[in-house]
Amino acid sequence: MDIDKDTESGPAITIRSSERDHVNFVLKNVDLAVANSVRRTMMAEVPTLAIDLVEIDVNTSVLADEFIAHRLGLIPLVSDSIDELSYSRDCTCDQYCNKCSVKLELAAKCDTDSTMNIYASDLAKFQNGSTLGDPVIRDAQGKGSLICKLRKHQELRITCIAKKGIAKEHAKWSPCSAVGFEYDPWNKLKHTDYWYEESVEDEWPKSENCEWEEAPDPEAPFDYNARANNFYVDIETIGSLSPNDVFVKSLETLQLKLAGISVELNKDTVESSNAESGGLTTYGRNGGETPEINYGGSYGGSSWS
Amino acid sequence: MGNKRKASHIASDGVSTDEAFQPLLKEVYKGKKLTDKINTAEDKWNLLPAFLKVKGLVKQHLDSFNYFVDTDLKKIIKANELVLSDVDPEFYLKYLDIRVGCKSSTSTAKGLSKEVNLVPHDCRLRDLTYSAPIYVDVEYTRGRKIIVHRDLEIGRMPIMLRSNKCLLDGIDDKKMAKYDECPLDPGGYFIVNGTEKVILVQEQLSKNRIIVEADEKKGIVQASVTSSTHERKSKTYVITKNDKIYLKHNSISEDVPIVIILKAAGITSDLEILQLVCGNDPNYQDLFAINFEEAAKLEIFTQQQALHYVGKRVKTIRRAGAPKLSQLQEGIEAIATTIIAHITVSDLQFREKALYIAMMTRRVLMTMENPKMVDDRDYVGNKRLELAGQLMSLLFEDLFKKFNSDFKANIDKILKKPSRASEFDALLSINIHSNNITMGMNRAISTGNWSLKRFKMERAGVTHVLSRLSYISALGMMTRISSQFEKSRKVSGPRALQPSQFGMLCTSDTPEGEACGLVKNLALMTHITTDDEEEPIKRLCFILGCEDILEVDSASLHAKGNYGIYLNGTLIGTTRFPAKFVGDFRNLRRTGKISAFISIYTNSHQSAVHIATDGGRICRPLIIVDKNNVSKVKAKHLLKLQRDEWAFDDFLKHGLVEYLDVNEENDSLIAIYERDLSDSTKSNITHLEVEPFTVLGAVAGLIPYPHHNQSPRNTYQCAMGKQAIGAIGYNQFRRIDTLLYLMVYPQQPMVKTKTIELIDYDKLPAGQNATVAVMSYSGYDIEDALVLNKASVDRGFGRCQVLRKNTITLKRYPNHTKDILSGMRVDENNEPIPPHSSLGPDGLGEVGMKLENGQVYVNKCVPTNAGETVLNGPGANEQPAESHRETPAYYKGPEPSYVDQVMMSVSDNDQALIKVLLRQTRRPELGDKFSSRHGQKGVCGIIVQQEDLPFNDDGISPDIIMNPHGFPSRMTVGKMIELISGKAGVLNGTLEYGTCFGGSDLQDMSEILVQNGFNYSGKDMLYSGITGECLQAYIFFGPIYYQKLKHMVLDKMHARARGPRAVLTRQPTEGRSRDGGLRLGEMERDCVIAYGASQLLLERLMLSSDAFEVDVCNKCGLMGHNNWCTSCNSSEHVIKMTIPYAAKLLFQELISMNIAPRLRLGDVF
């Protein structure tokens, strides 16, 4: 990968601001399709850890079992070392094991007259020697997100099994809350037609990213060869992965997928030449994840492998 | 403006707890801080919550019921107080007093004396009736002694929830919680046998009032009056026939010339008749003169002759045993009691009645002369609303009369016996019949059939089951008014929107289809009056200078400038100073000397002042404007209201606000806004509207910016708001209803209305704020379909719970056997067998267990010998050997459910009652129905991955994509403004208002958008999620409140290959619930015929349906069986063929009717 090197032609990144769960950068010298692929992968295909299986022993709270299970699933869990974990479906174990899951337990009973709040921090993890699977806690009190409220004599005794997964399957596995994405703040490429009543300039507020690009010369002729080059990306994560991880892992995932395509394509040429007499197609051959959208074959082997 | 907005960030602080949220909300709720300056024009709306505090949305029901139990019952007792015996003249029983729910000994002053022994929620759960005992005090004779007996229970009365006899009356929220009751529940309904029943408000034409109608084509004019008294109901007409005027009544066999009736009523002089009917007007005199001819021709000149004439024509229905009356007596009887029965005649003084008939005649004459003088039946002022209390009182009086006559028959039977062992105590036999009242009341309310013997009234569908689909549907039901008109008739008049409905009945909320316009809803600020005493008002009129009608000279009655004063439609006197009279009367009302609900108005066309004290009139409060065109409600008064020093009643008491009914309202000039008062062209403004948005009712009040919508859209939303899934009540998890829909994460709308706050919809909402992009996407959004974001669905958007009740009763049988529960059966490994895996050892489903299709949740066992009677055989005393057969309750459904609650109780008749509540949690799926609050419904067409959806430069992607074609033809501009206001609210951290005729200003909202770096129009630039390229077009993008409707695919999906068939026809069954087939109907059949696909036709209509092999005898053409023709006694010509079973059935039926259908078979080739 040539991203780190600030060469004239190669892709480049300028980080504008960075926080614990948030990063804002400019992605340069890449194609629009590449930038969008990265965005999509970050949102949907970076594996994280989330509670997937809930075993309820006792639930005398007012909320139904499914209700609590759903809430538990949406709690972000620290997934920094997610690579150590394998997908449950790939694991050799029967149902789940230490290699493919993290077990958390919640046991709470209210004995006081006032209502008792159960927070994500009350989830107790079975020790696995790392921070993997700890609930993400970001508030000042260190409580985490609220799961449920209990009244006197109400009780919760729950075992949760967190598994590795991607957001394509369920949004709880998404590491990002939102991925901001912008290019061509001056609309030089005329990709969009601003709606206006009197004047575009007055009615459409300027983007902050306008400062990063030169204002267009109103006299200049429209350059129909121009392509989008600078992408202003803003990643906000939910805390399960750091923004840096999200970005890097998304590239890895993307690379892996592209490699898959490349392999399949090559196979295709071999096979189609072999099976001229109504031979096989490779569609769906892979068995695993078939990408829903065809990214176009040209990226296949050339610059990214 | 800017800093004001920044000051309060409410919604942005998502995690803030309820405690911190509440006071902030309250500040907004009150509209302003206490220190803020009061602006009367803006803050007068605070009167509305004050009004709702004392009157409430269901107050009319409660008031009516309270009036019934406190006042009307006593009147009924008074009217039927004596029970006498035909046998023993010494005997009497007299009712002294009646009470509901409390004994006389316990002081009624304290609120502790309520004798309802069950909490309402227990009644709901245990299928019991929420009722209280009815106690009477009686005085009767036993032997020679007179005995007074107090607190005799004669039955139980169903109690309206939250009425003053209800446990829930006047208790605080904490106590409510203790009783498992929701403090926001409106009450006003009954609980009978565990179901919540509402007695709908019934709309009727007003009683005891003259209604004049004309048929211009036929040239008929008629004045009619429906007289209604406690004993009877009858209708009297004065009609024209060939320009002559007659009186028509059901109990008189032919129409009587009006002059004869007037003569029979004691006005014998033709001159006086002319004076009473026509006055001095020569036009009227000319029109009327012809009527004298007829009387003269019949040679009827005296009262005696007239009475004979009438008496001869009376249809007599005499009870057996009553003495026969002479013709004269019949005539007197008819005039005195039958005709215009609501005017009572004492001492044969007919003058009042004669004047009434003369008035009716005059009205007919006026209409003959000027056809515009007719009354409008559909005018709301001519309508009366009958409420629960009135209906219950009719029912109770009927039952009470029946009770007394049964009681009397019983006493007579005992007293008839010549020798009695002990002294007869009437009390012993009174209790025998006490069940009749209880049962009668319960039956009427639970079936909705109101059958009253004395009025020959038979009305069905009076009560309805309270719909608990959502909080709004329950509330909407309490304000519903049903009309007596037939639904099938094609008339537009009663269905049309009446201008007089303004402010009284909601202009939007009516169903579509056959009941359109016939079912109405009350507006937010309406009140329905209860009966008031007539007598004191009559005396007051005379004090105010009204001349008694009995003393007024006939000649001057219709003199110019002389106004008649009518009390509840009856002429009681005249005045020459109507303006002063009305003014004085109003002053007395405004100072609280007489009831605030008595209305008075002048009708100059009829030269009449009408005073109404009767119940069932619709009225509403208005601010009084004084002569200088200044509102009487000033800032200082509103300040007092805000500081809780004053309540709404104080405004009434101080004469700042008054109630106007429809008739009086139409005699007033009402300004809508305070700014209209300064309009110099209107100098005679009398009143000022409290708030214009009160023209809408509670349900239509949910719509934001309804005044920007096309009106049918608001009507559609009114129907759909009732189907929205949301929170039902604070006790929703304690309820066990047949079907309960609950939303998992309901949200209060970003764009609220004042009505929403007033009816607490923000506390029990039904919907979620969805970020909507108005654009076309994927093609799966045509025909109003919606595109849903999968990530939103994953995170809980539109998720709901469906709870279904299953009731099982364990019966007892006469032979002492009973149903039992048996535990789960186990296999050889001691594991429960698969259908029993959700059962506990007690045979009941365990709470929290999953139930798949075909699994058992209650393992009930029925005794095999339940049919045997104990009396059978010699060994009758032996306990029959207990042997049981399993008849378990299976779960049936395409998706599994979970056991939510199991309740075991004992019902009324000592049978064990088991209720099992099964729960499903559903996430939205393809085909589920959603709707915004603007009558824009749509089904989910596709669920799309978040990364494929469009997004803006902040990375926000929509929850819902709506196709823009929904807008142009629907013209729901309100929805667009809701989006902009909602978007501004999100950016600003505030909740915005979309109140009707008000709400947050669009320009202000746009300013907020601009301040936050958005386009003022609410349009955003979006990027395609698939390519990352920005979309060519701008997109209208922002939050809109979306409701999930109860129609879900899971409840409707249905397919069948083979399955059950109907017994008779052997065709596939019909309907999803019976796993029925999908019918290839007539029209589809036509298509197949036209296409010529005969084999397909054969397959669809016979082979796949009811193919049947018959043996046809080709000789006689009849059907045989087993290869044998019974009529030919041979098997020679019998041929097997396949015909539809239905055809075979038809042939057999024809044969049974002596028609022989013969089949002649020939070769095809």
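Lettering follows sequence order; numbering is per chain, from 1. All heavy atoms count here, side chains included; hydrogens, waters and symmetry mates do not.
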Under 4.5 Å from any heavy atom of chain B - which part of [X]:
X	result
A/K190	backbone
A/A228	neither
A/F231	neither
A/D65	both
A/H170	both

State, to 0.1 Å, how close [X] and [Y] come at their nearest heavy-atom pair, and which atoms those are.
X	Y	answer
A/F181	B/F951	CB-CE1, 3.4 Å
A/W195	B/N1015	CZ3-OD1, 3.9 Å
B/R795	A/S174	NH2-CB, 4.2 Å
B/T1027	A/L32	O-CG, 3.8 Å
B/D794	A/E169	OD2-O, 4.4 Å
A/H191	B/E1029	ND1-CG, 3.4 Å

For A/Y194 and B/Y1034, what are the C-alpha separation, side-chain angles and deciding distance, and is it a side chain to side chain contact (heavy atoms under 4.5 Å, CB included)?
CA-CA 6 Å; A/Y194 285 118; B/Y1034 54 89; over 6 Å; no

Once rounded to the nearest 0.5 Å, what's the spacing between atom NZ of B/K790 and atom NZ of A/K168?
10.0 Å

For the atom pair CG (B/D953) and CG (A/D234), what is the distance rounded to the nearest 0.5 Å?
10.0 Å

[X] [atom1]: over 12 foreign heavy atoms closer than 6.0 Å:
X	atom1	value
A/K152	NZ	yes
A/R151	CZ	no
B/F733	CZ	yes
B/R804	CZ	no
A/F222	CZ	yes
A/E208	CD	no

Highest number of heavy-atom pairs under 4.5 Å with chain B: which of [options]?
options	answer
A/A64, A/P185, A/A167, A/S177	A/A64
A/V62, A/V233, A/N187, A/D139	A/V62
A/K172, A/E197, A/E236	A/E197

Choice from B/A1033, B/S1024, B/G1025 maximising heavy atom contacts with chain A below 4.5 Å
B/G1025

Donor-acceptor pair, distance only, cut-off 3.5 Å: does the side chain of A/T192 make one with the backbone of B/C1030?
no

Under the 3.5 angstrom rule, does the side chain of A/K206 hit a backbone N or O of B/G1013 as a donor-acceptor pair?
no

For the pair B/Q801 and A/F67, evaluate side chain to side chain contact (heavy atoms under 4.5 Å, CB included) and give the outcome as yes or no after the intermediate values.
CA-CA 9 Å; B/Q801 294 181 328; A/F67 199 144; 4.1 Å; yes

Hey, are B/Y745 and A/R71 close enough side-chain-wise for a donor-acceptor pair under 3.5 Å?
yes

Is it the case that the ring center of A/Y196 lies less than 6.0 angstrom away from the ring center of B/Y1016?
no

Between B/D948 and A/R40, is a side chain to side chain contact (heavy atoms under 4.5 Å, CB included) present by the stated rule, with each step listed?
CA-CA 8 Å; B/D948 290 341; A/R40 291 167 57 88; 2.6 Å; yes

